[in-house]
Student: 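I'd like to ask you about the structure that follows.
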Amino acid sequence: MTKEIQIGSVRIGGDNPIAIQSMTNTKTEDVAATVEQIHALTQAGCEIVRCAVPTMEAAHSLAEIKKHISIPLVADIHFDYKLAIAAVENGADKIRINPGNIGSRDRIQAVVDCCKEKNVPIRVGVNSGSLEKNLIEKYGGVTAEGIVESALDKVAIIEDMGYDNLVISIKSSDVLMCIKAHELIAKKTEYPLHVGITESGTVYSGSIKSAIGLGNILYQGIGDTIRVSLTGDPVQEIYAAKLILKTLGLRKGGISVVSCPTCGRTQIDLIGLAGQVEEMVKDFDLDIKVAVMGCVVNGPGEAREADIGIAGGQGEGILIKKGEIIRKMPESELLDALRVELVNWKKQ
């Protein structure tokens with residue numbers, strides 16, 4: 001079991017559930033746009049949010065951003081130790097740094113002293129793309145072993161400065177390398193681990209790579225907080241993360257949609273209908289399964305196994321609830337009928 005760490009109002013590590021994170025892609029200096037995006041992320045289910053802090057103006061903006069949000073705020077710092085100190089002074093609930101690019105030991109010490117004073121956790125982040133030359137030479141290239149050694153070396157620096165309020169992050173865009181690195185580091189540390197596949201790609205390819213990588217890591221009981229890194233709207237990262245956790249049985253709540261892949265027997269617009277259902281159910285906080293099926297072969301049976309479902313026929317379909325056929329209706333009425341049932345579900 002990993003050490004428990006407090007990040008604002010959220011605890012990670014120990015027996016705490018795995019927390020979902022994302023990162024804004026707005027300019028942090030634009031407070032209004034950043035707050036708007038954090039609100040959208042929070043609504044989607046984000047529990048910790050990170051903002052880039054590349055300038056002193058961005059660091060000072062954190063104080064105003066904090067006034068308008070309800071989830072912990074993490075400052076992402078590179079190169080300039082003064083930005084890390086300013087971020088903490090302006091209310092960051094955690095900072096993310098790579099001590100290797102912060103500079104001399106006295107500069108790292110200044111950051112650690114500031115965090116220690118305010119009891120702000122430090123996420124020590126190491127990516128495969130920034131691995132030190134001596135470790136690349138030692139291991140004959142960029143390897144999982146090198147990533148782990150680099151991260152633990154950075155942790156040791158901060159521990160030697162008398163601080164252990166730490167989270168470790170080791171990331172690689174190579175899924176198999178990332179899995180191996182987490183397997184190795186989990187045996188060597190008790191600090192909570194922030195898990196993700198860095199630079200994983202677009203919403204489509206990145207979600208698949210993240211599901212495989214995070215799935216393998218989380219299934220082994222490794223990981224305390226996750227981010228699915230996607231090139232796109234960060235809200236999509238939250239939806240992907242929630243589905244990964246639900247699929248692994250690590251999180252409950254929210255509607256699970258199952259739908260058939262379609263075939264030559266399908267006689268309704270199942271692809272369009274399934275997409276509409278998946279989008280619609282995001283507005284409902286219900287822990288149930290909804291089935292969207294396309295034909296009379298497997299449709300009724302699969303729909304009966306769900307809490308509620310719709311199954312199509314020739315231009316029409318049936319509504320099935322708790323295993324019983326409720327009624328038959330034209331294809332055009334299926335979505336609205338399902339919506340009504342979901343609205344009334346809690347009243348039952």
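Note: hydrogens, waters and symmetry copies are ignored here, and every other heavy atom, side chains too, is used.
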Student: Output the distance between atom NZ (K133) and atom CG (L135), rounded to the nearest 0.5 Å.
Tutor: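 If we round to the nearest 0.5 Å, K133:NZ and L135:CG are 13.0 Å apart.
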
Student: About how many Å separate CZ of R327 and NZ of K321, when rounded to the nearest 0.5 Å?
Tutor: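 Answer for the NZ-CZ pair, K321 versus R327, is 9.5 Å.
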
Student: With a cut-off of 6.0 Å (strictly less than), are more than 12 heavy atoms of other residues, nucleotides or ligands near CD of E278?
Tutor: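 Incorrect, the count does not exceed 12.
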
Student: Rest of the hydrophobic cluster containing M23 (Ile/Leu/Val/Met/Phe/Trp/Tyr, side-chain heavy atoms under 4.5 Å)?
Tutor: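 Same cluster as M23: nobody, lone residue.
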
Student: Any donor and acceptor pair, going by atom type alone, linking the side chain of K154 with main-chain N or O of I97 inside 3.5 Å?
Tutor: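 No; zero donor-acceptor contacts below 3.5 Å.
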
Student: Hydrophobic cluster membership, with links at side-chain heavy-atom distances under 4.5 Å among I/L/V/M/F/W/Y: are F79 and L131 in one?
Tutor: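 No, F79 and L131 fall in different hydrophobic clusters.
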
Student: For a 4.5 angstrom cut-off between non-hydrogen side-chain atoms, does M177 reach V142?
Tutor: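 Yes, at least one pair of side-chain atoms sits under 4.5 Å.
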
Student: The criterion is salt bridge (charged side-chain N to carboxylate O under 4.0 Å, His left out); which residues satisfy it with E137, sequence neighbours excluded?
Tutor: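 Result, salt bridge (charged side-chain N to carboxylate O under 4.0 Å, His left out) vs E137: none returned.
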
Student: Are any side-chain N or O atoms of T34 and backbone N or O atoms of D30, one a donor and one an acceptor, separated by less than 3.5 Å?
Tutor: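 The answer is yes, because a donor-acceptor pair under 3.5 Å joins these two groups.
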
Student: Examine distances only and state if a side-chain atom of T189 and a backbone atom of I185 form a donor-acceptor pair shorter than 3.5 Å.
Tutor: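 No, because the side chain of T189 does not come within donor-acceptor range (under 3.5 Å) of the backbone of I185.
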
Student: Is there a chain of hydrophobic side chains (I, L, V, M, F, W, Y, each step under 4.5 Å between heavy atoms) that links L243 to V292?
Tutor: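 Looking at the clustering, V292 is in a separate group from L243.
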
Student: Which residues satisfy the side chain to side chain contact (heavy atoms under 4.5 Å, CB included) test with F284, sequence neighbours excluded?
Tutor: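 Per chain and number, F284 pairs via side chain to side chain contact (heavy atoms under 4.5 Å, CB included) with I255, M280, L286, R339, L342, V343.
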
Student: So which atom in V175 and which in G213 form the shortest heavy-atom distance, rounded to 0.1 Å?
Tutor: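 Between these two residues, the closest heavy atoms are CG1-CA, 3.6 Å.
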
Student: What's the verdict on side-chain contact (heavy atoms from CB on, under 4.5 Å) for H78 and R96, showing C-alpha distance, side-chain angles and the deciding distance?
Tutor: CA-CA 8 Å; H78 289 282; R96 185 270 189 179; 2.6 Å; yes

Student: Just wondering, more than 12 heavy atoms not from D106 lying within 6.0 Å of its CG?
Tutor: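 Yes - once you tally the heavy atoms of other residues, nucleotides and ligands closer than 6.0 Å, there are more than 12.
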
Student: How long is the gap from CG on N98 to CD1 on I102, to the nearest 0.5 Å?
Tutor: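 Reported to 0.5 Å precision, the distance equals 8.0 Å.
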
Student: Return the SG to CD distance between C46 and Q37, rounded to the nearest 0.5 Å.
Tutor: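 If I round to the nearest 0.5 Å, the distance is 10.0 Å.
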
Student: Got a list of side-chain donor-acceptor pairs under 3.5 Å for residues 110-121, not counting sequence neighbours?
Tutor:
unit_1, atom_1, unit_2, atom_2, d
D113, OD1, Q109, NE2, 2.8
K116, NZ, M161, O, 3.2
N119, OD1, N165, ND2, 3.2

Student: Taking the side chain from D224 and the backbone from L193, do they hold a donor-acceptor pair closer than 3.5 Å?
Tutor: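 Between the backbone of L193 and the side chain of D224 there is a qualifying donor-acceptor contact (under 3.5 Å).
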
Student: For P17, is there any backbone N or O sitting under 3.5 Å from a side-chain donor or acceptor partner on R251?
Tutor: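 No: the side chain of R251 does not pair with the backbone of P17.
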
Student: Verify side-chain contact (heavy atoms from CB on, under 4.5 Å) between I69 and T42, making sure each step is shown before the conclusion.
Tutor: CA-CA 9 Å; I69 66 174; T42 305; 5.8 Å; no

Student: Answer yes or no: is there a side-chain heavy-atom contact under 4.5 Å between I308 and L319?
Tutor: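 SC-SC contact between I308 and L319 confirmed.
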
Student: Check this for me: does any side-chain nitrogen of one of R50 and D76 sit under 4.0 Å from a carboxylate oxygen of the other?
Tutor: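 The answer is yes: the pair qualifies as a salt bridge.
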
Student: To check you understand the geometry: which heavy-atom pair defines the closest contact between S173 and S128, and what is its length?
Tutor: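 Taking S173 first and S128 second, the nearest heavy atoms are N-OG, 4.2 Å.
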
Student: Kindly check if the number of other-residue, nucleotide or ligand heavy atoms within 6.0 Å of CD (E132) is above 12?
Tutor: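 Atom CD in E132 is crowded, with more than 12 foreign heavy atoms closer than 6.0 Å.
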
Student: Using a 4.5 Å cut-off on heavy atoms from C-beta on, say whether the side chain of V235 contacts that of Q43.
Tutor: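 No. Closest side-chain heavy atoms not under 4.5 Å.
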
Student: Considering all heavy atoms of both residues, which atom of S61 and which atom of V31 are nearest to each other, and what is their separation?
Tutor: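 Closest heavy-atom pair between S61 and V31: CB-CG2, 3.9 Å.
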
Student: Clusters formed by hydrophobic residues whose side-chain heavy atoms approach within less than 4.5 Å: which one holds V167, and what are its other members?
Tutor: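 Grouped by the 4.5 Å side-chain rule, I5, I7, V10, I12, I48, V74 form the rest of the cluster around V167.
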
Student: Of all the heavy-atom pairs spanning C178 and G196, show the shortest one and how long it is.
Tutor: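 Nearest heavy atoms, C178 then G196: SG-O, 3.5 Å.
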
Student: Quick one: pull up CD1 in I20 and CZ in R227 and give me the separation to the nearest 0.5 Å.
Tutor: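 So the CD1 of I20 and the CZ of R227 are separated by 13.0 Å.
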
Student: Could you note down all residue pairs passing salt bridge (Lys or Arg N to Asp or Glu O under 4.0 Å) where residues 156-180 supplies at least one of them, sequence neighbours left out?
Tutor: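 Those involving residues 156-180 are K3-D164, E145-K180.
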
Student: Do V124 and P99 have side-chain heavy atoms sitting under 4.5 Å apart?
Tutor: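 Side-chain contact under 4.5 Å: yes.
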
Student: State whether a side-chain donor-acceptor pair under 3.5 Å links H68 with E64.
Tutor: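 Present: a donor and an acceptor within the cut-off.
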
Student: Around atom CD1 of I271, are there more than 12 heavy atoms of other residues, nucleotides or ligands at under 6.0 Å?
Tutor: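 At most 12 heavy atoms, drawn from other residues, nucleotides or ligands, come within 6.0 Å of this atom.
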
Student: Pairing donors with acceptors under 3.5 angstrom, does anything connect the side chains of S22 and E237?
Tutor: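 Per modelled atom types, S22 and E237 side chains form a pair under 3.5 Å.
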
Student: Would you say Q220 has more than 12 foreign heavy atoms packed within less than 6.0 Å of its CD?
Tutor: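 Result for CD/Q220: enclosed.
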
Student: Are the side chains of I71 and I38 in touch, meaning some heavy atoms are under 4.5 Å apart?
Tutor: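 Answer yes - side chains close enough.
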
Student: Can you measure from CG (L73) to SG (C51) and round to the nearest 0.5 angstrom?
Tutor: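 Nearest 0.5 Å value for the CG-SG distance: 5.0 Å.
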
Student: For the residue pair T202 and S205, what are the closest heavy atoms and their distance?
Tutor: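 What the structure gives for the nearest pair is OG1-OG, 3.1 Å.
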
Student: What I'd like to find out is whether the side chain of I65 reaches to under 4.5 Å of the side chain of T28, using heavy atoms alone.
Tutor: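 When only atoms from C-beta onward are counted, T28 and I65 do touch, with a gap below 4.5 Å.
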
Student: Find out if a path of hydrophobic residues (ILVMFWY) with successive side-chain heavy-atom gaps under 4.5 Å connects M329 to V340.
Tutor: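 They do not share one cluster, since no chain of ILVMFWY contacts under 4.5 Å joins M329 to V340.
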
Student: Could you tell me if the side chain of W345 sits less than 4.5 Å from the side chain of D307, heavy atoms only?
Tutor: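 D307 vs W345: side chains touch.
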
Student: Please name the pair of heavy atoms, one in S229 and one in I197, separated by the smallest distance, quoted to 0.1 Å.
Tutor: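 Distance-wise, the nearest heavy atoms are CB-O, 3.7 Å.
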
Student: Report whether V195 and Y219 are members of the same hydrophobic cluster (ILVMFWY, side-chain heavy atoms less than 4.5 Å apart, transitive linking).
Tutor: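 Looking at the clustering, Y219 is in the same group as V195.
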
Student: Are E279 and K282 ion-paired here, with the side-chain N under 4.0 Å from a carboxylate O?
Tutor: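 A salt bridge links E279 with K282.
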
Student: Taking everything shown except K27 itself, do over 12 heavy atoms lie less than 6.0 Å from its NZ?
Tutor: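 No, not enclosed.
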
Student: Kindly indicate whether the side chain of T225, heavy atoms from C-beta on, has any atom under 4.5 Å from the side chain of P192.
Tutor: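 A side-chain contact is absent here, since even the closest heavy-atom pair is not under 4.5 Å.
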
